[in-house]
Number of protein chains: 2
Amino acid sequence: MTPSLSEFARRVPPFHVMALLERAQALSAQGHDVIHLEVGEPDFTTPEPVLAAIQDAVTHGCTGYTPAAGLPALREAIADDYRKRFGAQVSPAQVVVTPGASGALQLALAALLNPGDGVLLTDPGYPCNRQFVRLVGGEPQPVVLQAGNHFNVDSEAFMAQWQANTRVAMVASPDNPTGNMVPAEVLQQLAQGAQEKGGILLVDEIYQGLCYTQPASSVLAGSAPVLVINSFSKYFCMTGWRLGWLVAPEPLVPAIERLAQNLFLAPSTPAQYGALAALQEPTLTILEQRHQLLARRRQCLLNGLAHLKLPVVSRADGAFYVYVDVSDYTDDSFAFCANLLEKAKVAMTPGLDFGQGHDHRHFVRLAYTCSEARLTEALRRLEQYLESL
Amino acid sequence: MTPSLSEFARRVPPFHVMALLERAQALSAQGHDVIHLEVGEPDFTTPEPVLAAIQDAVTHGCTGYTPAAGLPALREAIADDYRKRFGAQVSPAQVVVTPGASGALQLALAALLNPGDGVLLTDPGYPCNRQFVRLVGGEPQPVVLQAGNHFNVDSEAFMAQWQANTRVAMVASPDNPTGNMVPAEVLQQLAQGAQEKGGILLVDEIYQGLCYTQPASSVLAGSAPVLVINSFSKYFCMTGWRLGWLVAPEPLVPAIERLAQNLFLAPSTPAQYGALAALQEPTLTILEQRHQLLARRRQCLLNGLAHLKLPVVSRADGAFYVYVDVSDYTDDSFAFCANLLEKAKVAMTPGLDFGQGHDHRHFVRLAYTCSEARLTEALRRLEQYLESL
């Protein structure tokens with residue numbers, strides 16, 4: 001007899017794309033050439049200078065624990081980077097290095113939420129956010145974004161959803177799945193609004209640096225107090241190393257550090273030595289080249305989708321996603337993805353994974369985490385598939 | 001204005017040894033030669049074959065995400081290792097690879113506890129366990145172990161503490177801070193007892209393999225359903241890589257895997273490739289040599305403490321800790337540690353960090369994570385210090 005699961009564990013849904021992924025793997029195993037547009041990680045491996053720095057550190061014996069909040073040198077390097085690249089004043093004492101942005105989000109919410117407290121979250125949005133809120137007994141409060149408004153965050157409409165129990169407003173910029181950047185003035189309005197309510201704005205900046213129509217930015221360049229989570233996974237191409245960070249108002253940090261001691265002990269030591277090299281030349285030049293490659297892929301994909309008359313209603317000016325309206329072809333984007341995979345061997349992520357409040361049945365997410373040649377082939381297959389409908 | 005902390009965050013205590021550590025660092029910076037007997041990690045760096053395997057994997061591009069439950073090959077290797085080294089039948093499907101044993105403990109408790117559910121925990125015990133229980137709204141229920149009974153876990157006395165709301169009983173073998181192994185028959189009694197109550201036993205085996213008076217063992221060799229957390233940190237000397245695992249009854253695993261997807265995405269990829277090499281020759285031979293070194297250090301420390309007439313009331317037959325009774329010299333082991341550091345430049349961990357229920361004011365924890373030469377010097381200084389009192 002096995003004991004029963006907690007209510008929380010029972011209610012955590014699977015990622016719906018996983019079922020498609022399993023099928024994609026089975027098709028690959030049968031010899032089919034599946035094109036993966038569903039993958040939320042860069043196809044670039046970790047840059048060589050980062051790997052060299054890690055190798056150097058571990059051969060010099062740096063394989064033990066670091067302080068819970070991370071290597072002091074890395075906290076300083078991150079703070080410096082905010083000044084240099086984003087014009088933001090951040091003290092190293094505000095920076096807590098974490099096991100991925102997942103760790104950062106967990107710390108931020110555990111530090112702020114009592115059971116029953118609410119968190120405003122965009123729908124569509126990154127699906128795990130809801131679970132971090134529920135883990136500590138909080139209440140996810142979805143703010144539904146409208147396709148008709150390009151899935152933009154409107155600060156007034158967003159703050160109008162603030163409830164008596166709301167403590168945190170959370171947005172991502174660039175956003176997953178829409179690729180949208182939230183304009184700086186909107187972020188400042190949200191930050192001030194949340195502060196006036198006695199709460200705080202939390203901004204997910206894990207796709208920072210991956211933007212294509214404007215310079216990279218951070219909400220921290222503004223003046224209102226905010227929490228920021230970030231990651232070495234996406235721009236820095238270190239997904240598998242699991243390293244992120246949190247920037248918090250300094251008065252909150254001692255408690256967050258105690259939480260980190262207890263919940264994680266410390267973030268990965270080798271990854272931290274790699275991150276030090278990630279924030280410097282020659283890595284930054286490599287990353288900028290990759291950024292330019294992504295920009296070309298994005299344009300390739302947007303051109304192809306325009307040719308197919310498939311609307312990208314979001315601005316898709318950041319991250320490596322476009323969120324595509326397939327309502328001319330289906331009222332069930334999950335079935336659309338499943339059929340597309342079977343018939344055309346192209347994998348995409350159905351809108352359902354990003355929230356049930358928005359018009360998910362009409363949307364699919366495409367990631368441009370494969371080469372232009374593969375994107376072009378995927379678009380060719382997609383065209384053929386659509387014509388067959 | 002900064003928003004207020006959650007009740008949980010406010011109540012997380014610091015590790016008291018951290019204040020001593022800061023002072024130790026200040027003394028070192030002033031040129032003093034501080035001997036560290038407070039450190040809970042091996043002084044051995046990660047074995048060379050493990051580093052070579054990691055380097056090989058990352059130069060072959062293995063720097064992306066793995067499945068949330070870990071590389072299938074690693075889950076299999078861990079299951080195989082249970083069969084080969086411990087005579088335990090474990091299916092790869094029961095194994096979930098995690099970011100450290102911390103991640104494993106978090107998954108286990110989040111999967112089982114509803115707010116208000118209780119967890120029996122030994123006092124003394126690993127201090128973070130309480131916080132993982134509180135994080136999900138659970139109630140830590142300390143079971144005070146008696147110095148007069150060598151801090152042994154008595155299954156009847158332990159299970160007598162089971163409350164109406166208790167769901168999990170948790171013990172560690174080998175234990176931190178006492179170093180005690182819990183005998184196999186006691187573990188089976190606890191597992192059966194917990195099962196009869198509709199709950200489950202959770203065993204922390206992160207010091208598995210570090211035992212000195214009997215062969216290494218696992219509760220999984222028994223028949224009652226249990227949860228086990230384990231780690232590549234201690235026996236395998238991979239602390240900074242942050243890799244652990246959970247073994248759970250198979251019916252619980254799909255939900256635990258969904259939790260892992262949401263809370264962690266995946267454990268560190270390079271660390272997992274390293275772990276594959278850690279479970280094989282030539283690493284196992286290196287680890288066994290280190291184990292023998294630890295055995296000699298343990299004997300050196302036990303002999304020295306006997307010479308000083310400082311009682312080690314626990315059996316200290318595992319891990320790398322002895323829990324020492326200093327009641328002949330103090331009623332305040334924290335002050336004892338602070339003074340010892342100032343006068344003799346030897347750092348130890350006061351009992352307070354391991355729980356307030358047991359007779360913590362009379363105990364200090366010594367870790368034999370430094371060389372015999374340093375241990376001998378520490379004992380010399382300790383003798384001098386005690387004579388000065």
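Just so we're on the same page: letters track the sequence lines, and every chain starts at 1.
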So which atom in [X] and which in [Y] form the shortest heavy-atom distance, rounded to 0.1 Å?
X: B:Ala9; Y: A:Leu259; answer: CB-CD1, 4.2 Å
X: A:Trp241; Y: B:Val58; answer: CZ2-CG1, 3.6 Å
X: A:Pro3; Y: B:Leu252; answer: O-CD2, 3.5 Å
X: A:Ala255; Y: B:Leu5; answer: CB-CD1, 3.5 Å

Structural part of [X] lying under 4.5 Å from a heavy atom of chain B:
X: A:Pro254; answer: neither
X: A:Pro115; answer: neither
X: A:Phe15; answer: both
X: A:Ser233; answer: side chain
X: A:Pro42; answer: neither
X: A:Pro99; answer: neither

Look at [options] and state which one has the largest set of heavy-atom pairs under 4.5 Å with chain B.
options: A:Ala194, A:Cys62, A:Pro13, A:Ala271; answer: A:Pro13
options: A:Glu7, A:Glu257, A:Glu250; answer: A:Glu7
options: A:Asn262, A:Thr269, A:Ile200; answer: A:Asn262

Donor-acceptor contact present, side-chain [X] to main-chain [Y], <3.5 Å:
X: A:Thr45; Y: B:Thr63; value: no
X: A:Glu41; Y: B:Tyr65; value: yes
X: A:Arg242; Y: B:Leu265; value: no

For [X], is it the side chain, the backbone, both, or neither that has a heavy atom closer than 4.5 Å to a heavy atom of chain A?
X: B:Arg167; answer: side chain
X: B:Arg258; answer: both
X: B:Thr2; answer: side chain
X: B:Leu113; answer: backbone
X: B:Pro225; answer: side chain
X: B:Pro267; answer: backbone

**Asked** From B:Ile54 CD1 over to A:Leu51 CG, what is the distance, rounded to the nearest 0.5 angstrom?
**Response**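 Going from CD1 on B:Ile54 over to CG on A:Leu51, the span is 12.0 Å.
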Among [options], residue most engaged with chain A (heavy-atom pairs, under 4.5 Å):
options: B:Thr239, B:Val136, B:Val12, B:Leu112; value: B:Thr239
options: B:Glu48, B:Met18, B:Gln106; value: B:Gln106
options: B:Ala110, B:Pro249, B:Gly137; value: B:Ala110
options: B:Gln261, B:Gln272, B:Gln131; value: B:Gln261
options: B:Ala111, B:Gly100, B:Ser102; value: B:Ala111

